There are 2 protein chains.
Amino acid sequence: MLIFSFVRRLLKSIVIFRLINSLKEMKKGNITIKDLARELNVSPSTISRALKDHPDISPETKKAVKELSEKLNYQPNSVALSLRQSKTNTIGVIIPEIAHFFFSAVISGIEDIAHNAGYHVIITQSNESIDREMMNTKALFNSRVDGILISISRETNQFNHLQQLIDAGTPVVFFDRVVESINACKVIVNDEQGAYEATTHLIEQGYYRIAHLAGPQNLTISNNRLNGFKAALADNKYMIDDNLIKICGLGTYEEAEAITNELLDYRFPPDAIFANNDVAAYGAMTAIKKRGMKIPEDIAIVGFSNWRFSSLIQPALSSVTQPGFKMGQEATRLLMKQINLGKDEEAITETISLKTNLVVRESSLKRPSEQV
Amino acid sequence: MLIFSFVRRLLKSIVIFRLINSLKEMKKGNITIKDLARELNVSPSTISRALKDHPDISPETKKAVKELSEKLNYQPNSVALSLRQSKTNTIGVIIPEIAHFFFSAVISGIEDIAHNAGYHVIITQSNESIDREMMNTKALFNSRVDGILISISRETNQFNHLQQLIDAGTPVVFFDRVVESINACKVIVNDEQGAYEATTHLIEQGYYRIAHLAGPQNLTISNNRLNGFKAALADNKYMIDDNLIKICGLGTYEEAEAITNELLDYRFPPDAIFANNDVAAYGAMTAIKKRGMKIPEDIAIVGFSNWRFSSLIQPALSSVTQPGFKMGQEATRLLMKQINLGKDEEAITETISLKTNLVVRESSLKRPSEQV
DNA sequence: AACGTGTTCGCAATCGTTTGCGGTGAAAAT
DNA sequence: ATTTTCACCGCAAACGATTGCGAACACGTT
């Protein structure tokens, strides 16, 4: 018995030595189930079963397998697994830009749910380009991700690539920037309501000539915000002056600054600006400051998205917060639901609408003395 | 001939009908090479060869294959390809946090090079947690990515998981937050020089009691910045007062604010602060402002990283820029070089050091009247 | 007629893992 | 002594694509 054990141990160390050697030779020598099988003189099936505590395998074999696997630090090849099971346990995300606080928050929400469900997350950026977006959808499809979360790019005005994806059976959930015409799961924030509240807030503060820096109107969210803006004006018997509604197509800081300058050049410039997003708001603030005008005394500003540093700038920027983290969570939950659907079950097409929240800071407050 | 053509066309449409039908049934019915083979009555090998213009295949067959493949929108299964070729054409990235302007820039740089080389990029966040980082390395390894780019977490103080990765033959390139003790490719910025220049700048502006908000000292970058700070003081014959060097371990805004308050409580508080990063600088600014002190008149501030909004806050924050995009590019180039290495070639262990650049803004400028 | 040549394609193995089914041997039941 | 039972394990096919090798066939050449 002792001798046997000794011999076995000797054999094992030789085995390990041999493996390490061949590993060095092969450079990228990842241990496979076959390696374990060869060294223990059993079949690969046995290794596979032993590693997952299949009842057909004897305790001794299991022990031996597990020990060797531990010692050689065996790691199952996910690629092979994915192929075998036609399931990658991976979901893909397509967003316009990572360097965007809102989207970063969404990603964290996505990872939160996905990781707990045992999924990996592949993130891709479209960089606001439809070509890039199409490439990404194709790449994710070819990688056979189990599902896709997408917020479309600023440029996206046709949706074949997305419809194809859905037709091929890939579960898709849209978030934030959704596509109206596609029948699928969607998670949005109530942009219209957010814009309505922001505008109402400006009205309540006593501003009467309110401009809007709008986003590109092919994006539903931009359109909704514009509608909310108009609705608030209308409900308060304010006239809607199209000259005070400017579309910022690029979404850059500089563009907003230039467009704000146009507004300020009017004979009767606005006394408040509601910006489609915080970046535009920053641009507006810059233009205003450069003219020596004061915020909010001369012009009030409200933004949208509540970037991380909106509270840090001077004056602190009022903004509509979007629940990014929660949106990521909800979108991923919907996706998981779809993925786990039986083949025969009907596809679900739920739409979740999350509430926004207006955070009032200095940039939109009339001074006490000036308040009505 | 005409009849033949007609029959063939008829057959084809039936074929397609059948496929579409079975596709609907199978829900996730991705077209495979076998499907094409069955419908055209050839072997899968022929399909494979036809699709890649192998000379062994007749022009007619090629044409038929390509047409059908086009019509059914055949997309090769990347998973199967990866398994077959032991190559995933994917690289993994591990960063502490996505919601960080510097890292976002790095990612864009990475994608720039990687996409051009035909690689996908998988991004994972460690959230500054070593556990998460270990999980991510394992997950990426199991996914058999062709290489990994990593910037370690704030918590990471042991490196077994990374050494194992390298020992297993996975190409790894460290960037920004590198591990000194591991022999591998690294891309860093010259933190010491950056800190040296920032500190020298403060000295030249006439500040004489300069404090430093340092980062956790297990991070080489933090340590280098501290060293640069000290070196600048020493070279200018300034004394190094350890009371003016405070370590911010968490890296949060609030922590920096609290620690700055400690500095301000001194009988002789500092008249300038060089912060290890911009977030800490923001915290310091908040603390200073809350006391009614003025920047830079009472206290000057210089940060590190040059966040996107450092130029927007009041006063605009002087900061040391790090070339994030370029860093991502360089790191990826190094990784590509490693990946394309022959099996027998010696592993490369290059270290690239990028230059920083001090951007002087209001927060560190003595007023003209007060300047020497 | 036999052989050589070239074109066009299929067979089968392979990547790493899983799994239904069948096989072996020993112990237990008849 | 024969059958049944059970524990334990291996065979082989499968996931989708690639590729070395050989086969079949139609030519042209001797």
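In what follows, every chain begins at residue 1, and chains take the letters A, B, ... in the order their sequences are listed. Computed from a predicted model, the values in this text were never measured in an experiment.
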[atom1] of [X] versus [atom2] of [N]: gap in Å, rounded?
X	N	atom1	atom2	answer
A/R144	D/dG16	CZ	C1'	9 Å
A/H54	D/dC9	NE2	P	12 Å
B/N30	D/dC15	CG	P	13 Å
A/L36	D/dG10	CG	P	13 Å
A/R38	D/dG10	CZ	P	15 Å
B/L81	C/dG16	CG	P	15 Å
B/D35	D/dG16	CG	P	8 Å
B/L83	C/dC15	CG	P	9 Å

Next item on the list: Kindly say if B/Y74 contacts the phosphate of D/dG16, meaning a side-chain N or O under 4.0 Å from OP1 or OP2.
Entry: no
Margin query: Just to verify, which of A/V93, A/I123, A/T124 counts as forming a side-chain contact (heavy atoms from CB on, under 4.5 Å) with A/I98?
Written below: A/I123
Notebook entry, point to check: Going by distance alone, is a donor N or O of one side chain under 3.5 Å from an acceptor N or O of the other, for B/D112 and B/Q329?
Noted result: yes
Margin query: Any donor-acceptor pair under 3.5 Å linking the side-chain atoms of B/E155 with those of B/S129?
Written below: no
Item checked: Nucleic acid footprint by protein, nucleotides 9-14 of chain C - heavy-atom cut-off 4.0 Å, B for base, S for sugar-phosphate alone -> BBBB-B
Notebook entry, point to check: Counting only heavy atoms not in A/K87, do more than 12 sit closer than 6.0 Å to its NZ atom?
Noted result: yes
Check: In terms of the nearest nucleotide of DNA chain C, which residue is placed more toward the 5' end: A/K52 or B/Q85?
Finding: B/Q85
Checklist line | Minimum side-chain heavy-atom gap A/Y119-A/T90 below 4.5 Å | finding: no
Item checked: Partner set under side chain to side chain donor-acceptor pair (under 3.5 Å) for B/H54, not counting sequence neighbours -> none
